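See below for the structure under consideration.
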Amino acid sequence: MASSGKISTLQIKQMNNQLSTRLLHADECHEDQAVSPAISVTTTWSAQGEGADGRYVYGRIGTPVRDRAEVLLGELEGGHAVLYSSGLAALWAALVYYNPKRVAVDGGYHGTLFALDMYSRKYGTRLIGLEEDFKAGDMVWLETPKNPKCEVYDVAFFATKCQVTGATLCVDSTFAPPPLQKLLTCGAHCIMHSSTKYLAGHSDALGGVLVVPKPKVAEDLRSERTLLGCVFASVILCAIVLQYHFSVCNPNEQDDPAMHTAICYMLDPHTCLIDKRRI
């Protein structure tokens, strides 16, 4: 029988269950076998001889709970996540890593615009509009949906434009976290979230995250983060990990219309309109 193109309630529940299962089990690969992460405020681990005794050395370099949180957020986006102390810290880390000659941007969150203006004044990086021609070495900073009015950009269009010209596409997806949109599949090189907003329960925990498709880029970002010093506090990370484990076990979430809308969109974005009032 030919498909009608409609998404059934059963499909929605199956997709929701798949996402829930992935979030529940994504961090099981971690050496810590505790279902919920232990709350630890230690900044240092013991070392023997010339090298560290085990995987962890110093909290600025890495912690068990930070690794678990990054695995979960990477699973959500379908990439590799790197956590930072705030959304603007994540933006600054992206600027340091990609070291653009020019940044193409068109409005959006005021903090982002202030930070880009400061970066431009201090380091001579030019700010240009999204309508201009891109070049190799440029960074395209796309915020979609855009703060505060939720204008939406065609990410695939800009991804193609960047691929042709050699520019780097970074997308601020704070206003529509996954599964509402998963933009690595559209060709973005880097996804940024202010996790202070929806990823961490909206204002429950200050933080930011970059998600990239390649593990090597994520490792390089973590190495630079060690020197930048903009890391998450372990207690806050515990709350984030517990939130994701709890939210997918909460039976009330299974019948949430907003979640159904999100899953419909993930199954077929062409036939589903996101209700921006629920974002």
Side-chain angles (χ1 to χ4, degrees), residues 77 79 82 84 86-199 202 207-213 217 221 230 265 269-270 272-279:
E77 278 285 11
V82 184
Y84 297 89
S86 70
L88 286 181
L91 163 63
W92 201 262
L95 290 169
V96 170
Y97 178 76
Y98 291 108
N99 191 25
K101 298 175 182 177
R102 305 187 304 172
V103 177
V105 64
D106 181 20
Y109 176 54
H110 68 277
T112 296
L113 300 179
F114 290 155
L116 288 174
D117 179 67
M118 182 174 70
Y119 188 85
S120 174
R121 285 186 284 106
K122 286 185 173 293
Y123 302 107
T125 301
R126 284 186 57 206
L127 301 181
I128 62 174
L130 294 176
E131 73 284 353
E132 296 194 34
D133 294 331
F134 305 151
K135 301 177 181 178
D138 289 348
M139 171 189 283
V140 178
W141 190 267
L142 207 62
E143 185 176 328
T144 183
K146 187 166 67 174
N147 189 339
K149 296 182 179 181
C150 287
E151 299 97 330
V152 177
Y153 286 104
D154 185 342
V155 176
F157 167 80
F158 283 96
T160 300
K161 190 175 177 181
C162 288
Q163 183 179 13
V164 171
T165 58
T168 297
L169 177 60
C170 296
V171 184
D172 182 343
S173 186
T174 296
F175 266 29
L180 288 172
Q181 57 183 13
K182 298 180 71 174
L183 301 178
L184 292 179
T185 61
C186 295
H189 297 100
C190 179
I191 306 299
M192 191 279 277
H193 294 275
S194 171
S195 57
T196 313
K197 308 303 188 294
Y198 302 105
L199 285 180
H202 209 294
V209 58
L210 297 178
V211 187
V212 292
V217 175
L221 286 168
C230 45
Y265 182 81
H270 301 293
C272 177
L273 294 177
I274 297 178
D275 184 353
K276 294 183 177 63
R277 293 171 298 178
R278 302 301 302 271
I279 298 178

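As the structure is a prediction and not an experimental result, all values here were calculated from the model.
Pro145 has its side chain within reach of Gln181: a pair of non-hydrogen atoms, C-beta onward, lies under 4.5 Å apart. Leu116 places a side-chain heavy atom less than 4.5 Å from the side chain of Leu127. Side-chain contact between Asp172 and Asn147 is absent, with no heavy atoms from C-beta onward closer than 4.5 Å. Two residues are said to be in side-chain contact when any heavy atoms from C-beta on lie closer than 4.5 Å; Cys170 and Met192 fail this criterion. Taking 4.5 Å as the limit, every side-chain heavy atom of Tyr119 sits out of range of all side-chain heavy atoms of Val103.
Nearest approach of Gly129 to Phe134, heavy atoms of both residues: O-CE2, 4.2 Å. Summarising the geometry of Trp92 relative to Ala115, their closest heavy-atom pair is CZ3-O, 3.8 Å, with the distance given to 0.1 Å. Taking every heavy atom of both residues into account, Ala188 and Val171 meet most closely at CB-CG2, 3.9 Å. When all heavy atoms of Leu184 and Pro213 are compared, the closest pair comes out as CD2-CD, 3.9 Å.
Side-chain atoms of Ser173 never come within 3.5 Å of backbone atoms of Ile191 as a donor-acceptor pair (strictly under, hydrogens ignored). Glu143 places a side-chain N or O within donor-acceptor distance of the main-chain N or O of Tyr109, the cut-off being under 3.5 Å. With Ser195 contributing its side chain and Val209 its backbone, the two residues share no donor-acceptor pair below 3.5 Å. The backbone N or O of Ser120 sits nowhere less than 3.5 Å from a side-chain atom of Thr125 that would complete a donor-acceptor pair.
A distance of 14.5 Å separates CG in Leu210 from NE2 in His189, rounded to the nearest 0.5 Å. For the atom pair Lys149 NZ and Phe175 CZ, the distance stands at 13.0 Å (nearest 0.5 Å). The CH2 atom of Trp141 sits 4.5 Å away from atom CG of Leu91, with the distance rounded to the nearest 0.5 Å.
Here salt bridge (Lys or Arg N to Asp or Glu O under 4.0 Å) pairs that include residues 112-124, with residues two or more places apart or in two chains, are Asp117-Arg121.
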Atom pairs and distances, donor-acceptor, side-chain atoms in residues 93-102, under 3.5 Å, two or more places apart:
{"residue": "Arg102", "atom": "NE", "partner": "Asp138", "partner atom": "OD1", "Å": "3.1"}
{"residue": "Arg102", "atom": "NE", "partner": "Asp138", "partner atom": "OD2", "Å": "3.3"}
{"residue": "Arg102", "atom": "NH2", "partner": "Asp133", "partner atom": "O", "Å": "3.0"}
{"residue": "Arg102", "atom": "NH2", "partner": "Asp138", "partner atom": "OD2", "Å": "2.7"}

Using residues 152-167 as the side-chain source, report each donor-acceptor pair under 3.5 Å to any protein atom, sequence neighbours left out, with the distance given to one decimal.
{"residue": "Tyr153", "atom": "OH", "partner": "Asp106", "partner atom": "OD2", "Å": "3.3"}
{"residue": "Tyr153", "atom": "OH", "partner": "Lys146", "partner atom": "NZ", "Å": "3.1"}
{"residue": "Asp154", "atom": "OD1", "partner": "Ala156", "partner atom": "N", "Å": "3.3"}
{"residue": "Asp154", "atom": "OD1", "partner": "Phe157", "partner atom": "N", "Å": "3.1"}
{"residue": "Thr160", "atom": "OG1", "partner": "Ala156", "partner atom": "O", "Å": "3.1"}
{"residue": "Lys161", "atom": "NZ", "partner": "Glu132", "partner atom": "O", "Å": "3.1"}
{"residue": "Thr165", "atom": "OG1", "partner": "Lys161", "partner atom": "O", "Å": "2.9"}
{"residue": "Thr165", "atom": "OG1", "partner": "Cys162", "partner atom": "O", "Å": "3.4"}

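Note: Phe114 and His110 have perpendicular aromatic rings, judged against thresholds of 30 and 60 degrees for the angle between ring planes.
Screening Leu183, Leu169, Val105 for a side-chain contact (heavy atoms from CB on, under 4.5 Å) with Leu142, the sole residue that qualifies is Leu169.
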